Engineer: 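This structure is in structure tokens; I'll ask about it shortly.
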Amino acid sequence: MSDIVERLSKTKTIDSLEENYRAESPKSRAYFERCSITMPGGAKGAYFYTPYPLTMEKGEGCYLFDLDGRRFIDFVGHHTTQILGHNHPSIIQAIEKQIKLGIALGAHAGVEAEIAETMCRRVKSLERIRFCNSGTEATLHAIRLARGFSGRSKIAKFEGGYHGSHDAVEVSVAPPLDKAGPAAAPASVSGAGGASPHAAKEVVILPYNDEVSVKRLLNDNCNELACVIFDPKAGIMTLNRNFVQFVREITKELGILLIFDEIVGFRLSSGGLQEIYSLLPDLTTFGKLVGGGLPVGAFGGRADIMSLLDNTLGATGFFQSGTFSAHPLAMAAGLATLEQLTPEAFDRLNGLGVRLYTGLRNLFYERGIDAQVVGLGTVFSIYFSNKEAVNYRNIATADTKIAHSIFHALLQKGYFLSHNLTMNSLSLALNESHIDGLIEAMRQAVNEVF
Ligand SMILES: Cc1ncc(COP(=O)(O)O)c(C=O)c1O
């Protein structure tokens, strides 16, 4: 097929997939139109996809049900938080128990100590921990601590790394490639309208998987850098184990604090990604599953750094609080989640992951399709590209139109993945038949789209 004919036939597939979608989801459409009157764009940023997003009415185990009564097998898990599936009885019980004791008491509620102890027991580098409401807050406070402790103001982050929505980290998250500068010395590109124009100047951008450039950039800036914030993007990018360990070693060698962002990665093992990569960061940020599906964030690490928040020592000049931080319901739901995440549970989840990623890779290979299946533990992403997903720039050139068509084709077969096919996740509510079902649905989707 010539290029133009191929492109036109693909466009037709997208159009007909979206046409079916409209026909099958009138109630979601009506709901979206209603929301658009009072809320800008009708949906929060991450929820929007064309032609309009589905509205889900309920979740149960591995299933989601939309307003039009259709059932989907969920491979997203509310941005990766729902590792036990939806409405797991142990979480419901824990929330009900806490509700009866009081929803918000304006004081410590006993359950916070339990989850703090559980986290510190599971994660080797955690000597102290604090809870907040979101991953965004967690990275904000961790960076403040790093700045305060080191007395330096610049931070370094990786190109393509997402650490929440505040000025310091909304830099070079998804920079346009024509503004991104040289690959070995990426430009610092502010991505948030309204962010302080000074924010991007305080951030050194590092390229993933490029030891030589990272070493040079850190060496050049080490006297000004408070920290490197690093998410190894497990299941989103293919990061070499040696590279992850190198980041720890070079930061230690240069006296730069390392903040490890485990807001997604903590779902990969009892002790988090740092256990998998055998390293001890100075500070770590958490979120997502730690609240069992309720709003949460947490940050912690070395006792000497965390002691800046110890008000019993007198005025340290540091403060972290928040009306809803460590909300008792989130603490109870998070603790109930952690209790289910035994080594056996992780073995089962990892087994499902291997089955899925192998099946998908074989399928794309047999069909001669340029696709990258990145999967580690329970997180996976699919890119339609012949470039390995080893850095932001390779991922940024993947074919998003094909991904969008595949997303719609899978929806029509009852499989709910993230709308750009990145950062999907597995839950304990899934079994082998769901995994094999997704591989088969992908086979059919590929036949329709390619
Ligand atoms: C790696 C990472 N860090 C930070 C955040 C921000 O967390 P939140 O959305 O809870 O603010 C996210 C959210 O997806 C994330 O994936």
Side-chain angles (χ1 to χ4, degrees), residues 43-48 76-83 123 129-146 155-174 191-192 195 203 206 208 227-237 239 244 247 258-268 272-274 276-277 281 283-301 320 322 324-327 329-331 333-334 337 374 376-381 389 392 395 417-425:
K44 73 176 187 184
Y47 284 168
F48 183 77
V76 185
H78 192 82
H79 309 265
T80 76
T81 61
Q82 302 295 86
I83 194 165
V123 182
I129 187 167
R130 270 283 175 97
F131 293 94
C132 48
N133 296 291
S134 66
T136 292
E137 276 182 53
T139 60
L140 181 149
H141 287 295
I143 288 171
R144 275 193 185 166
L145 285 180
I155 68 163
K157 73 174 282 289
F158 285 82
E159 188 173 50
Y162 178 68
H163 303 287
S165 40
H166 56 94
D167 286 10
V169 290
E170 273 194 288
V171 178
S172 293
V173 174
V203 186
L206 309 170
Y208 275 114
C227 63
V228 172
I229 184 163
F230 179 40
D231 166 16
K233 283 199 163 297
I236 301 172
M237 226 182 246
L239 247 59
V244 179
V247 174
L258 176 66
I259 302 176
F260 211 48
D261 183 340
E262 293 229 29
I263 286 165
V264 173
F266 185 55
R267 72 170 3 254
L268 266 70
L273 274 181
Q274 52 198 271
I276 293 178
Y277 291 116
L283 292 171
T284 306
T285 54
F286 303 91
K288 307 233 189 236
L289 78 82
V290 173
L294 291 171
V296 86
F299 59 99
Q320 178 267 333
F324 293 117
S325 284
H327 194 285
L329 297 185
M331 299 292 93
T337 303
V374 181
L376 192 64
T378 51
V379 186
F380 69 101
S381 304
Y392 165 71
I395 287 175
L417 273 72
S418 78
H419 59 88
N420 50 13
L421 304 185
T422 67
M423 212 169 96
N424 303 288
S425 73

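Note that ligands are numbered from 1 as they come in the structure, with each ligand's atoms numbered from 1 the same way. Bear in mind the structure is a predicted one, so any value in this text is a computation, not a measurement.
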Engineer: Considering Val169, Val296, Ile263 one by one, which has a heavy atom nearer to atom 15 (C) of ligand 1 than any of the others?
Structural biologist: Ile263
Engineer: Nearest to atom 13 (C) of ligand 1, what protein heavy atom do you find, and at what distance?
Structural biologist: Lys288 NZ, 3.2 Å
Engineer: List the closest protein heavy-atom neighbour of atom 3 (N) of ligand 1: residue, atom name, distance to the nearest 0.1 Å.
Structural biologist: Asp261 OD2, 2.7 Å
Engineer: Closer than 4.0 Å to some heavy atom of Val264 - which atoms of ligand 1 meet that?
Structural biologist: 16 (O)
Engineer: For a 4.5 angstrom cut-off between non-hydrogen side-chain atoms, does Asp231 reach Val264?
Structural biologist: no
Engineer: Give the residue and atom name of whichever protein heavy atom lies nearest to atom 11 (O) of ligand 1, and the separation in Å to one decimal.
Structural biologist: Thr136 OG1, 2.6 Å
Engineer: Heavy atoms only: give me the nearest Pro281-Leu258 pair and the separation to one decimal.
Structural biologist: CB-O, 3.8 Å
Engineer: Looking only at heavy atoms, what is the nearest atom pair of Gln274 and Phe260, with distance?
Structural biologist: N-CE2, 3.7 Å
Engineer: Does ligand 1 have an atom under 4.0 Å from some heavy atom of Thr139?
Structural biologist: no
Engineer: List ligand 1 atoms under 4.0 Å from Gly164, heavy atoms only on the residue side.
Structural biologist: 4 (C), 5 (C), 6 (C)
Engineer: Which residue, Ile263, Thr80, Thr337, forms the side chain to side chain contact (heavy atoms under 4.5 Å, CB included) with Leu289?
Structural biologist: Thr337
Engineer: Flag the pair Ile236 / Val374 as yes when at least one side-chain heavy-atom distance between them is below 4.5 Å, and no otherwise.
Structural biologist: no
Engineer: Specify the protein heavy atom at minimum distance from atom 2 (C) of ligand 1: its residue, its atom name, and the distance to 0.1 Å.
Structural biologist: Tyr162 O, 3.3 Å
Engineer: Over 60° means perpendicular and under 30° means parallel, so classify the ring planes of Phe299 and His141, tilted if in between.
Structural biologist: parallel
Engineer: Answer with yes or no whether His79 contacts ligand 1, where contact means a heavy atom under 4.0 Å from a ligand atom.
Structural biologist: no
Engineer: Please write down residue, atom name and distance for the protein heavy atom closest to atom 7 (O) of ligand 1.
Structural biologist: Gly135 CA, 3.3 Å
Engineer: Given His163, which of Thr139, Thr285, Asp261 fulfils the side chain to side chain donor-acceptor pair (under 3.5 Å) condition?
Structural biologist: Asp261
Engineer: Taking 4.0 angstrom as the limit and counting only heavy atoms of Ser134, give me the atoms of ligand 1 inside it, by number and element.
Structural biologist: 10 (O), 11 (O)
Engineer: Step through it carefully: locate the ring centre of Tyr392, locate the ring centre of Tyr208, and say whether they are under 6.0 Å apart.
Structural biologist: no
